[in-house]
Amino acid sequence: MKNYDHKKIEKRWQKEWESKKIYQVKDNVKGKENFYTLVEFTYPSGNLHVGHWYAFAVTDIFARHKRMQGFNVLYPMGFDAFGLPAENAAINLGADPKVWTYEQMDKMRAQLRSMGAMFDWDREIVSCDPEYYKWTQWMFNQFLKAGLVYRDSTKVNWCPKDKTILANEQVSDGVCDRCGTEVEQRDQEQWMLRITKYADRLVDDLEVLDWPLEIKSAQKNWIGRSEGVEISFEVQSSKFKVDVFTTRPDTIFGATYLVLSPEHELISNLKAQISNWEEVSKYIQQTKKKSELDRQQSKEKTGVELKGVRAINPATKEEIPVWIADYVLAGYGTGAIMAVPADDKRDEEFALKFNLPIVRDYKKAGFDDFGKKIIKYKLRDWGISRQRYWGTPIPIVYDPEGKAHPVPDKHLPWLLPKDVDHKPSGVAPLAKSEELFKRTEKIFGKGWKPEVETMDTFVDSSWYFYRYLDAKNKKTFADLKRQNSWMPIDLYMGGAEHTNMHLLYSRFWVKALFDLGLVKESEAYKIRRNRGLILGPDGNKMSKSRGNVVDPDEIVERLGADTVRMYLAFMGPYGVTVNYPWDPNGVVGVRRFLERVWKVKEKIGKGKATPFLHKAIKKVSEDIEEYKFNTAITQMMMLLNEWDKTGSILEDEYKILLKLLAPFAPHMTEELWFELGNKKSIHTSSWPEYDPEKIVEDMVTMVVQVNGKVRASFEERKNREDGEVISRAMDMPEVKKWVGDKPIKKSIVVKNRLINFVT
RNA sequence: GCCGGAGUGGUGGAAUGGUAUACACGAACGACUCAAAAUCGUUUGCUGAAAGGCAUGGAGGUUCAAAUCCUCUCUCCGGCACCA
């Protein structure tokens with residue numbers, strides 16, 4: 001018998017599957033129900049790491065299992081190909097972002113094929129392909145018509161030396177990663193999407209989804225719907241008022257001061273009245289250097305009193321001081337709070353530090369005695385503009401008066417120009433494209449100018465799952481018939497890092513499409529499960545700087561794709577946000593198991609049936625359904641351990657093991673399957689069923705406890721009367737010894753499991 | 001800081017109110033071998049001569065019974081709106 005040579009086997013079957021197109025998915029197959037399994041498409045970093053394997057190859061186990069269960073399963077793959085790294089490659093290496101990205105994708109396609117996953121490559125999508133972003137732009141136009149798009153300013157990181165906007169990732173400790181210059185917060189006009197219009201639906205529609213509670217809570221908290229009251233505080237000797245938002249209007253009698261965000265408009269309005277203006281403006285300047293995150297994170301509270309400004313507490317009619325502090329954010333509520341130091345921890349801290357009055361016993365007010373009820377959200381509208389090159393161009397042009405117009409659909413895709421200098425120069429890269437400006441004038445007339453912003457890549461990933469259904473359609477983003485065949489997605493498996501932003505943005509996007517009648521569902525993902533990360537062998541996040549990166553290509557070469565897939569599935573339960581370290585020794589154990597499966601084939605003969613087999617089928621099937629691939633594998637290992645004890649095994653039982661193993665180790669099982677004389681792929685065979693009668697046991701082990709401690713056990717027929725098992729247990733010498741002379745106060749019987757005597 | 005999650009043997013984990021440590025890794029010893037690797041076998045939570053006692057990050061609680069439920073607390077991980 002030949003040895004298990006993974007290299008030969010894997011390459012051969014990958015070729016064979018591809019030429020036979022066994023993973024090509026039809027939209028409808030008679031007698032089969034469709035099942036859409038989705039994983040987040042990948043950024044083409046050019047190097048497939050263990051994390052990609054964990055995301056795609058382990059989910060492939062589930063998809064293959066569904067397929068063997070008789071579903072018509074779609075499990076597509078594509079590339080989220082716009083984004084910052086290509087632009088950095090352009091700046092640092094002088095590369096063309098497009099050429100660079102397509103090279104990375106070629107490398108990754110080859111690596112992805114080595115997984116042996118059932119991806120249908122005919123449906124591949126690439127978000128930077130004009131045929132894809134044409135529809136991203138088209139949807140933007142639809143949203144514009146529907147009034148979901150507007151222009152507003154938001155804060156961005158600005159490097160005054162490089163004269164460029166920095167991503168949060170490019171800023172560390174408040175300085176620019178490239179040049180070390182202190183980063184400022186600057187206002188930037190941009191195109192916004194009204195996601196806040198959907199805030200209530202985004203919260204309420206969570207109810208019916210089969211999503212883990214923790215994802216629902218995280219989203220609810222991110223949206224942050226809270227019912228409160230807006231209360232006006234008059235400012236002493238001025239015509240101005242300060243509106244504060246509070247969820248605790250009942251505590252207003254205890255409000256002893258107000259705090260405004262340093263950006264609050266009242267500050268400049270009251271400039272003449274503020275006696276310590278120099279101090280105040282210095283504090284405002286300092287705030288500009290801090291990001292929002294920094295402002296919330298800082299443990300030490302800072303702030304400055306607006307001297308000469310006093311407000312009136314409408315409940316107590318008393319004069320109270322007004323402060324500014326950076327922990328109050330301009331973007332939430334009204335950008336001003338009433339402080340109740342007796343009731344709120346943060347307010348108390350602030351009051352103690354700055355010696356502000358604290359009123360301990362105060363009268364409770366009614367909820368809306370002093371203001372009107374109002375609902376506020378933490379969620380902010382979505383700014384999609386980026387002053388970058390490598391993204392979907394925003395299809396907007398400006399007439400000679402400067403008024404914005406959408407690029408008509410017939411001119412889509414509104415192409416990304418090529419004649420761009422990528423060095424940062426203070427303006428958006430597209431502003432330097434002669435081609436883009438000429439094109440605009442040619443189509444729209446003299447004096448017309450193009451928008452030079454591109455879109456946030458979260459836009460591209462908000463609708464990609466529709467394009468898989470109809471990747472080549474030139475008339476629409478996805479034909480409705482095809483949508484009907486597949487949507488909504490049955491399972492969306494993804495990273496926990498996408499819980500708040502990607503999931504929320506795409507939910508919003510789908511709802512907006514739904515309202516426009518373009519899709520038939522208002523929620524795209526029926527089931528969502530998050531997965532954790534694979535850590536380096538040292539238990540830390542894999543990173544080049546730590547030197548703990550595990551290279552999957554090397555392990556696939558040495559031990560095979562089947563081993564890598566299976567080891568990743570064996571590490572722990574899937575679909576929960578737990579991180580597992582890669583153990584270079586552990587992976588060997590799985591390889592050993594596969595070799596034992598390979599060798600045990602020799603024992604096929606006239607053996608006896610294995611009683612454990614049906615239990616194993618049941619457990620493997622149930623565990624896969626719950627994404628517990630680790631315990632499913634354990635069952636197969638236990639079955640093999642059973643077989644080790646017997647001289648020969650039955651061919652039919654061996655075939656069942658191969659089928660159970662097929663989703664995990666698709667190449668090896670296919671090889672063995674054909675060796676047994678089968679003519680059709682194991683992956684087109686059907687999932688084994690267990691015989692319920694064969695898993696019924698008539699004997700059980702009863703555990704005997706005395707005062708909760710295990711003292712004895714005995715074998716007993718199933719379902720005996722409580723009285724019978726109690727008397728049998730009481731006669732046991734161990735029980736007599738531990739009970740002693742004490743009377744038994746209570747005897748508890750857990751059917752077929754345990755007896756506990758309490759003395 | 002805020003939101004979400006996780007802590008069980010030397011290691012990954014199993015057990016979701018009822019025998020804590022299944023399955024695997026590692027380690028030790030043995031078989032095979034000139035030898036090594038591979039393979040196979042035995043042992044392996046801690047403590048104790050044994051009987052037994054102790055052990056699921058820590059402290060308390062509920063219960064006949066807690067890794068599992070409750071309260072507080074510590075540590076680590078993910079997210080915090082321009083990384084994807």
Side-chain angles (χ1 to χ4, degrees), chain A residues 40-43 45 80 82-85 154-157 165-171 188 190 212-222 224 291-299 301 327 331 346 378-388 456-458 460-461 495-502 504-505 530 532-533 535 537 539-541 567 570-573 576-590 592-593 595-596 599 628 630-631 633-638 641 644 701-705 707-710 713 745-748 750 753-759:
Chain A
E40 286 143 7
F41 64 163
T42 177
Y43 182 81
S45 59
D80 188 11
F82 274 132
L84 210 49
T154 62
K155 292 245 183 296
V156 294
N157 306 307
I165 294 169
L166 300 173
N168 289 337
E169 191 190 52
Q170 297 172 303
V171 181
Q188 173 72 39
Q190 60 168 325
L213 282 178
E214 63 262 25
I215 304 183
K216 291 188 182 182
S217 319
Q219 289 222 348
K220 270 186 206 167
N221 290 327
W222 179 269
S291 72
E292 260 185 34
L293 193 56
D294 288 337
R295 284 166 65 168
Q296 289 172 76
Q297 249 163 359
S298 60
K299 285 203 175 107
K301 294 262 173 297
Y327 78 91
R346 268 187 313 182
K378 280 208 184 92
L379 182 69
R380 304 199 293 252
D381 275 337
W382 178 13
I384 61 157
S385 293
R386 299 292 179 267
Q387 307 270 318
R388 302 192 193 285
D456 179 4
T457 54
F458 274 124
D460 309 324
S461 56
E497 67 274 22
H498 292 300
T499 298
N500 288 329
M501 305 187 71
H502 161 62
L504 204 63
Y505 288 145
N530 280 354
L533 303 169
L535 309 172
N540 289 305
K541 217 175 152 176
Y567 174 59
F570 187 57
M571 285 195 298
V576 289
T577 55
V578 178
N579 305 333
Y580 308 110
W582 178 277
D583 179 358
N585 292 317
V587 70
V588 174
V590 170
R592 253 177 233 163
F593 167 70
E595 280 180 18
R596 285 170 66 206
K599 273 191 212 141
K628 292 182 189 165
N630 56 332
T631 48
I633 293 169
T634 294
Q635 291 301 308
M636 294 187 267
M637 288 176 167
M638 284 162 74
N641 290 349
D644 273 354
T701 306
M702 294 295 295
V703 168
V704 186
Q705 296 183 335
N707 290 323
K709 288 201 193 270
V710 180
S713 70
K745 284 188 206 145
K746 216 172 170 186
S747 307
I748 290 141
V750 181
R753 271 180 185 267
L754 154 155
I755 305 152
N756 188 14
F757 295 114
V758 184
T759 64

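Both backbone and side-chain heavy atoms feed into the values below; hydrogens, waters and symmetry mates do not. Chain A is the first sequence line, chain B the second, and so forth, proteins listed ahead of strands; every chain is numbered from 1.
Counting any heavy atom pair closer than 4.0 Å across all strands shown, A/T631 reaches sugar-phosphate atoms only and no base atom. A/E214 comes within 4.0 angstrom of sugar-phosphate atoms only, judged by non-hydrogen atoms across all strands, and of no base. Looking at heavy-atom distances under 4.0 Å, A/T499 makes no contact with the nucleic acid at all. Using a 4.0 Å heavy-atom criterion, one finds that A/H498 contacts the bases of the nucleic acid, with or without backbone contacts as well. Within the nucleic acid shown, A/V703 comes within 4.0 Å of at least one base atom, counting heavy atoms only. Within the nucleic acid shown, A/Q387 has no heavy atom closer than 4.0 Å to any nucleic acid atom. Residue contacts for A/P85: at a heavy-atom cut-off of 4.0 Å it reaches no nucleic acid atom on any strand shown. Using a 4.0 Å heavy-atom criterion, one finds that A/K541 contacts the sugar-phosphate atoms exclusively. Counting any heavy atom pair closer than 4.0 Å across all strands shown, A/F458 reaches a base atom. Within 4.0 Å of A/F757, counting heavy atoms only, lies no atom of the nucleic acid at all. Among the atoms of the strands shown, none is found under 4.0 Å from any heavy atom of A/S461.
Of the candidate nucleotides B/G26, B/G4, B/U19, B/G26 has the atom lying nearest to any side-chain atom of A/N585. Of the listed nucleotides (B/C83, B/G79, B/A24), B/A24 has the atom at the smallest distance from the side chain of A/F570. Out of B/G79, B/C64, B/C82, the shortest distance to the side chain of A/I748 is found at B/C64. For A/M501, the side-chain atoms get nearest to B/C80 when compared with the rest of B/A15, B/G1, B/C80. Checking B/C83, B/G78, B/A65 against every side-chain atom of A/N756, the shortest atom distance belongs to B/A65. In the set B/G13, B/G79, B/G18, B/G18 carries the atom at the smallest distance from any side-chain atom of A/V750.
Note: CD (A/Q188) to P (B/A81) measures 17 Å, nearest angstrom. What separates NZ of A/K378 from P of B/C3 is a distance of 7 Å, to the nearest Å. As rounded to whole Å, 9 Å separates atom P of B/A81 from atom OH of A/Y505. Straight-line distance from the NZ atom of A/K216 to the P atom of B/G5: 14 Å, rounded to whole Å. Nucleotide B/C82 holds its C1' atom 15 Å from the NZ atom of A/K155, rounded to whole Å. For the pair A/N221 CG and B/C80 P, the computed distance is 15 Å after rounding to whole Å. Atom CD of A/E497 is separated from atom P of B/A81 by 15 Å (rounded to the nearest Å). For the pair A/L533 CG and B/A84 P, the interatomic distance rounds to 18 Å; values are reported in whole Å.
Separating the P atom of B/G7 from that of B/C69 is a span of 11 Å, rounded to the nearest Å. B/U11 and B/G4 have their C1' atoms separated by 27 Å, given to the nearest Å.
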Would you write out the dot-bracket form of RNA chain B, 5' to 3', with Watson-Crick and G-U pairs under 3.5 Å, [ ] for crossing pairs, | for pairs to other strands and . for unpaired bases?
-> (((((((..(((.....[....)))((((((.......))))))(((....)))..(((((..]....))))))))))))....
Evaluate side chain to side chain contact (heavy atoms under 4.5 Å, CB included) for A/Y327 paired with A/K301, printing each intermediate quantity in order.
-> CA-CA 7 Å; A/Y327 78 91; A/K301 294 262 173 297; 3.6 Å; yes
Verify side chain to side chain donor-acceptor pair (under 3.5 Å) between A/Q190 and A/T154, making sure each step is shown before the conclusion.
-> CA-CA 7 Å; A/Q190 60 168 325; A/T154 62; 2.5 Å; yes
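Note on A/R753: every side-chain N or O is 4.0 Å or more away from OP1 and OP2 of B/G18. Regarding contacts with the backbone of B/G78, every side-chain N or O of A/N530 stays at 4.0 angstrom or more from both OP1 and OP2. For B/C77, the OP1/OP2 oxygens have no side-chain nitrogen or oxygen of A/N540 closer than 4.0 Å. The side chain of A/N579 contributes no N or O atom lying less than 4.0 Å from OP1 or OP2 of B/C76.
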Going 5' to 3' through nucleotides 36-45 of chain B and flagging B where a protein heavy-atom sits under 4.0 Å of the base, S where only the sugar-phosphate is that close, and - otherwise, we get ---S------
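For A/W582 and A/Y567, the ring centers sit closer than 6.0 Å to each other.
A salt bridge does not link A/K378 to A/E292: none of the charged nitrogens lies less than 4.0 Å from a carboxylate oxygen.
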